Asks: 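One structure follows; several queries about it will come next.
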Amino acid sequence: MKTSLEQYSKEDHGIYQDNIDKDVIEISDALISNGYQAFLVGGCIRDILLGKKPKDFDIATDANPAEICKIFKNSRVIGRRFKIVHVYTSEKKYFEVTTFRSEASKKNHSNKFKKSNGMIKRDNVFGTISQDAFRRDFTANSLYLDLDSEILHDYVNGINDIKNKKLKLIKKPAISYQEDPVRMLRAVRFESKLDLELTDDCREAISKMAYMINNVSPFRLFDEVLKIMHSGNAVTGYKKLLKFNLFKYLFPYTHDIMEKNHIYDDFFVAALKNTDTRIKDNLHVNPSFIYAVFLWPYFKKLEQKYSQKNSLGVDLAFQKTIDSQAKYIAIPNFFQSTISTIWSLQDSFLNLSSRNIQYLTNLHKFRAAYDFFYIRSTMDDNLKIYADKWHEIQKKVVSKKSNQDKKRYGKRNRK
Ligand code: ATP
Ligand code: MG
């Protein structure tokens, strides 16, 4: 890996202040006027260079978390493995400010901060900007923009990789993925959503090291899988998870069933298409939906097994599905209850009595359960006739609701 610093002026990198949130410029000014360095770094720079709108803006500084909090009254330190500061600019809006870190793997820190399997467990050894540049994952994610001088600092040849549309790990793939196997999921996400292609060595290493994803905390995997599925490119992300061998380690029970029954692959693609469309249309997406989809094949298998012997078979099947999966991906209780509702309502869609229609359409989770049923019906002709009827019913519900909303707003306007 090339280690020399390249600097690019505004004319060369082409990032202008109107690409950047005003609040970020204020945070950066406050750090600089207090004698610290401040750089924009990570996905925001990468996305602007690729002509995309950044999702968020992250700031890196040489101020430590306590010093950052001293400058910004409205801030708090979060994280244990990796301490960062959230600086609030309004009640709901905040930015991540991160202190430069050095490699946790260096010399005397090696044993203290690494698990026996080579994973980094804590990463709070502060350092300089150049050290910080080398502890990041991909070269495209390691570009630093100084908002004061407007010079872009590149220690890892990231600008050229972006120009050549390459997604490249800073370290050797075997070392990088071992230090943090989540980088394999980040590789899938970035390749799916950005117009960048993983270098051959970075791609090949994933298939060989995919099993290491099970070294990651099941809670962290819940978030990381969701980030892929809610990126607006879930179909591509899912296909890459399969191709790189990762899906098998994330959803082992589902994967086992899929090897025998290919219909579920179509079901997943149909559901993920629906999620991608909702994201593009700026509609709400519920995390439970994705997990209800991926765990459905295993739940159905267990339901069939337990229901033959036990009147509480459905409940047993639900609990066993969630508990077995929790060793790999842990689903928070709140989302478990929505999954249970979506699944338990499926049979109710076979009842078209007016009483049942009224009952179902008044339920809070009607929409999620209906979407799920509708997607199932595209794979199963027996459900199609019901799905078509429910399609008409839900259209009426939506239009009734929008009339009610209009009336409500109308009243407010008259006040
Ligand atoms: P986006 O926010 O668009 O999903 P991002 O690259 O900004 O993408 P974040 O999770 O916001 O992703 O992380 C911010 C930056 O922190 C990254 O760009 C990268 O430099 C660094 N980073 C995040 N996760 C890791 C990791 N697991 N290993 C090394 N560096 C990381
Ligand atoms: Mg980001």
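Since this is a predicted model, take the numbers as computed values, not measurements. Counting convention: from 1, in listed order, for ligands and their atoms alike.
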Asks: Any salt bridge linking Lys93 with Asp23? Criterion: basic side-chain nitrogen under 4.0 Å from a carboxylate oxygen.
Replies: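 Salt bridge: yes.
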
Asks: In this structure, does ligand 1 have an atom that sits under 4.0 Å from one of the heavy atoms of Phe190?
Replies: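 Yes, Phe190 has a heavy atom closer than 4.0 Å to ligand 1.
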
Asks: For Lys193, is the nearest heavy atom under 4.0 Å from an atom of ligand 1?
Replies: yes

Asks: Do NZ/NE/NH1/NH2 and the carboxylate oxygens of Asp388 and Lys384 come within less than 4.0 Å?
Replies: yes

Asks: May I ask you to list the atoms of ligand 1 that are less than 4.0 angstrom from any heavy atom of Asp56?
Replies: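 Per the distance check, 2 (O).
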
Asks: When you measure from the side chain of Gln346 to the backbone of Ala369, do you find a donor-acceptor pair of N or O atoms at a distance under 3.5 Å?
Replies: yes

Asks: Does Thr98 approach ligand 1 within less than 4.0 angstrom via side chain, backbone, both or neither, non-hydrogen atoms only?
Replies: neither

Asks: Tell me whether Glu96 reaches ligand 1 (any heavy atom closer than 4.0 angstrom to a ligand atom).
Replies: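 Distance cut 4.0 Å: Glu96 fails for ligand 1.
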
Asks: Charged N to carboxylate O below 4.0 Å: is that the case for Arg186 and Asp137?
Replies: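 Yes, this pair counts.
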
Asks: For ligand 1, which atoms sit closer than 4.0 Å to a heavy atom of Asp180?
Replies: 26 (C), 27 (N)

Asks: Any salt bridge between Arg220 and Asp180, counting N to O under 4.0 Å?
Replies: yes

Asks: Show me which atoms of ligand 1 lie under 4.0 Å from any heavy atom of Arg135.
Replies: 29 (C)

Asks: Against heavy atoms of Gly42, which atoms of ligand 1 measure under 4.0 Å?
Replies: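 Ligand 1 atoms under the 4.0 Å threshold to Gly42: 18 (O).
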
Asks: So which protein heavy atom does atom 28 (N) of ligand 1 come closest to, and at what separation?
Replies: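 Answer for atom 28 (N) of ligand 1: Arg183 NE, 2.9 Å.
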
Asks: Can a salt bridge be assigned to the pair Lys239 and Asp265 using a cut-off of 4.0 Å between side-chain N and carboxylate O?
Replies: no

Asks: What about Lys227: any of its N or O atoms under 3.5 Å from an N or O on ligand 1?
Replies: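 N/O-N/O distance below 3.5 Å does not exist for this pair.
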
Asks: Tell me, which protein residue and heavy-atom name are nearest atom 7 (O) of ligand 1, and how many Å apart are they?
Replies: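 Checked against all protein heavy atoms, atom 7 (O) of ligand 1 sits closest to Gly43 N, 3.1 Å.
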
Asks: Does Lys70 pair with Glu67 as a salt bridge, N-O distance under 4.0 Å?
Replies: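 A salt bridge is absent here (no side-chain N lies under 4.0 Å from a carboxylate O).
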
Asks: Looking only at heavy atoms, is any part of Arg136 under 4.0 Å from ligand 1, and if so is it the side chain, the backbone, or both, or is it neither?
Replies: both

Asks: With a 3.5 Å cut-off and no angle check, do the side chains of Asp161 and Thr139 form a donor-acceptor pair?
Replies: yes

Asks: Take the Mg ion (ligand 2) and tell me which protein N, O or S atoms are nearer than 2.8 Å.
Replies: Asp56 OD1

Asks: Which residue and atom name correspond to the protein heavy atom nearest atom 4 (O) of ligand 1, and how close is it?
Replies: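 Looking only at protein heavy atoms, the one closest to atom 4 (O) of ligand 1 is Arg189 NH1, 2.5 Å.
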
Asks: Quick one: do the Arg183 and Ser176 side chains pair a donor with an acceptor below 3.5 Å?
Replies: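 Yes, a side-chain donor-acceptor pair sits under 3.5 Å.
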
Asks: Out of Phe373, Tyr359, Tyr386, which one pairs with Phe349 under the ring-ring contact (aromatic ring centres under 6.0 Å, His included) rule?
Replies: Phe373

Asks: Measure the distance from atom 2 (O) of ligand 1 to every protein heavy atom, then report the residue, atom name and distance (to 0.1 Å) of the closest one.
Replies: Lys55 NZ, 3.3 Å

Asks: Check this for me, if you would: do Arg136 and Asp132 make a salt bridge, where the nitrogen-to-carboxylate-oxygen distance has to be below 4.0 angstrom?
Replies: yes

Asks: When you measure from the side chain of Gln131 to the backbone N and O of Arg101, does any donor-acceptor pair fall under 3.5 Å?
Replies: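 Absent.
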
Asks: For atom 6 (O) of ligand 1, what's the nearest protein heavy atom and its distance?
Replies: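 Minimum-distance protein heavy atom for atom 6 (O) of ligand 1 reads Arg46 NH1, 3.0 Å.
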
Asks: In terms of the angle between their ring planes, are Phe294 and Phe251 parallel, tilted or perpendicular, with boundaries placed at 30° and 60°?
Replies: tilted

Asks: Is it the case that Ser149 and Asp146 place a side-chain donor and acceptor less than 3.5 Å from each other?
Replies: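 Checked: Ser149/Asp146 side chains pair up, N/O donor to acceptor below 3.5 Å.
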
Asks: Taking NZ, NE, NH1 and NH2 as the nitrogens, is one of them in Arg203 or Asp200 under 4.0 Å from a carboxylate oxygen of the other?
Replies: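 Yes, charged N to carboxylate O under 4.0 Å.
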
Asks: Yes or no: does Asp58 have any heavy atom under 4.0 Å from an atom of ligand 1?
Replies: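 Per 4.0 Å heavy-atom rule, Asp58 contacts ligand 1.
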
Asks: For atom 30 (N) of ligand 1, what is the nearest protein heavy atom, given as residue, atom name and distance?
Replies: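 Ranked first by proximity to atom 30 (N) of ligand 1 is Asp137 N, 3.2 Å.
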
Asks: Would you check whether Val182 has a nitrogen or oxygen atom less than 3.5 angstrom from a nitrogen or oxygen atom of ligand 1?
Replies: no

Asks: Could you work out, for atom 23 (C) of ligand 1, the closest of Glu179, Arg186, Lys52, Met184 by heavy-atom distance?
Replies: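 Ranked by closest heavy atom to atom 23 (C) of ligand 1, first place is Arg186.
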
Asks: Going by distance only, is there an N or O of Ser142 that falls short of 3.5 Å from an N or O of ligand 1?
Replies: no

Asks: Give me the ring orientation class for Phe39 and His153: parallel if the planes are under 30° apart, tilted from 30 to 60°, perpendicular past 60°.
Replies: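 Correct class here is perpendicular.
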
